[in-house]
Chemist: 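Encoded as structure tokens, here's the structure I'll be asking about.
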Number of protein chains: 2
Amino acid sequence: MDAKKRKRLEAAGWAVGDTAAFLKLTPQEAALVEMRLALSRSLRERRLAAGLTQTALAKALGSSQSRVAKLEGGDPSVSLELLIRALLSVGASRKDVAHALARRVA
Amino acid sequence: MDAKKRKRLEAAGWAVGDTAAFLKLTPQEAALVEMRLALSRSLRERRLAAGLTQTALAKALGSSQSRVAKLEGGDPSVSLELLIRALLSVGASRKDVAHALARRVA
DNA sequence: CGGGTATATATCCTACTTGACATATGTCAA
DNA sequence: TTGACATATGTCAAGTAGGATATATACCCG
């Protein structure tokens, strides 16, 4: 039941700044947030590099433009699952995803 | 709406053998399955190495023993999200997760 | 044999994620 | 300005992953 609290915290307002210290996040919560952020950024970069619009990516992913915007915007309502699927959709390999995941973000 | 089909396929029976060729999976679908598998294995290893029972891990994760069993068993109903949270719960760092994610599995 | 512990599997109900849609903002060009 | 295109944001119904719980199987030891 601690995941609930986490969701709550995240929902509040993380998009800004250095996530860890600002809110009182456990290292694990922080890691999760950082991963999301790192994947979001990689997604946007890869999409742009591929010359795709959000709409085009959405279609390839079987999703909608609005959700792609949320993916890239780091919206708390998106899961790592979808983020990763999106990366695969823009041509990332498993290794690429792993690399993106570990990427420095702060 | 292609994700649906994927779910369907996965639900059928992948746990066995070399995933990719057996069912007709797209490279992306295969990558996803491999990632899940790789993370599952790392999770089990780390848990055992830490001398934890599924129940203990479940408590630390804020989940239940049954779900941990599914996480480790590669049940199609578990998300990468939870898998990653579980890894963090057994002390994995972001880098560790990335490494586990890319890990060879076949 | 019986009890204890660890894990696997099944079912239920809730809460979350998701796709779809509507709309807002912004940019560029005719 | 107007229209076309790209992206951001909000809402919501529907499907699904999640936690809880119960039960099954397996192992070990007394």
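Within every chain, numbering begins at 1; the chains are lettered A, B, ... in the order of the sequence lines, protein sequences first and strands thereafter. Scope of the values below: all heavy atoms of this structure, side chains included, with no hydrogens, waters or symmetry mates.
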Chemist: From C:dT18, D:dA22, D:dT7, pick the nucleotide closest to the side chain of B:Q65?
Modeler: D:dA22
Chemist: Between atom CG of B:L57 and atom CZ of B:R44, what is the distance when rounded to the nearest 0.5 Å?
Modeler: 11.0 Å
Chemist: What closest approach, in Å, do B:S79 and B:R36 show between heavy atoms, and which atom pair accounts for it?
Modeler: CA-NH1, 3.9 Å
Chemist: Take atom CG of A:L57 and atom C1' of D:dA6, then tell me their distance rounded to the nearest Å.
Modeler: 13 Å
Chemist: How long is the span from the CG atom in B:L43 to the CD atom in B:Q54, to the nearest 0.5 Å?
Modeler: 9.0 Å
Chemist: Base, sugar-phosphate, or nothing: which does A:S79 touch, judged by heavy atoms less than 4.0 Å apart?
Modeler: sugar-phosphate
Chemist: May I have the distance from B:R85 (atom CZ) to D:dA17 (atom C1'), rounded to whole angstrom?
Modeler: 11 Å
Chemist: Considering only side-chain heavy atoms of A:K70, which listed nucleotide, C:dT18, D:dA8, D:dG10, is closest?
Modeler: D:dG10
Chemist: When you measure only distances, ignoring hydrogens and angles, does the side chain of A:S66 come within 3.5 Å of the base of C:dC21 through a donor and an acceptor?
Modeler: yes
Chemist: Just how far is it from atom CD1 of B:I84 to atom CE of B:M35, taken to the nearest 0.5 Å?
Modeler: 9.5 Å
Chemist: For A:V68 and B:L80, take the nucleotide of DNA chain D holding the closest heavy atom to each; which residue's nucleotide lies nearer the 5' end?
Modeler: A:V68
Chemist: Given the structure, check if the side chain of A:T55 and the base of D:dT7 hold any donor-acceptor pair shorter than 3.5 Å.
Modeler: no
Chemist: Side chain of B:Q54 only, heavy atoms from C-beta on: which candidate in D:dT9, D:dA20, C:dT7 is closest?
Modeler: C:dT7
Chemist: Output all residues satisfying side chain to side chain contact (heavy atoms under 4.5 Å, CB included) with B:S64, sequence neighbours left out; order by chain, then residue number.
Modeler: B:S66, B:R67
Chemist: Could you give the CD-to-P distance, from A:E81 to C:dC16, as a whole number of Å?
Modeler: 18 Å
Chemist: Shortest non-hydrogen contact from B:R47 to B:V90?
Modeler: CA-CG1, 4.3 Å
Chemist: Less than 4.5 Å apart, any side-chain heavy atom of A:L71 and any of A:L61?
Modeler: yes
Chemist: Of the residues in residues 38-53 of chain A, which ones touch DNA chain C at a heavy-atom distance under 4.0 Å?
Modeler: none
Chemist: Let me test you: for the helix from C:dC1-D:dG30 to C:dA30-D:dT1, what is the angle between the axes at its two ends (five pairs each), rounded to 10 degrees?
Modeler: 30°
Chemist: Tell me: CG of B:L61 to C1' of D:dG18, nearest whole Å?
Modeler: 11 Å
Chemist: If the cut-off is 4.0 Å, is B:S63 near the phosphate of D:dG19, judged by side-chain N/O to OP1 or OP2?
Modeler: yes
Chemist: Going from CZ on A:R104 to CZ on A:R41, what distance comes out if it is rounded to the nearest 0.5 angstrom?
Modeler: 11.0 Å
Chemist: Minimum heavy-atom separation for A:L32 to B:R85, with atom names?
Modeler: CD2-CD, 3.1 Å
Chemist: Calculate the interatomic distance between A:R67 atom CZ and C:dT18 atom P; express it in whole Å.
Modeler: 6 Å
Chemist: By the 4.0 Å heavy-atom rule, please label A:V78 as base, sugar-phosphate, or nothing.
Modeler: sugar-phosphate
Chemist: Can you measure B:I84 atom CD1 to D:dA17 atom C1' for me and round it to whole angstrom units?
Modeler: 15 Å
Chemist: What is the distance from CD of B:E72 to C1' of C:dA8, rounded to the nearest Å?
Modeler: 11 Å
Chemist: Report the distance from atom CG of A:L87 to atom CG of A:L80, rounding to the nearest 0.5 Å.
Modeler: 10.5 Å
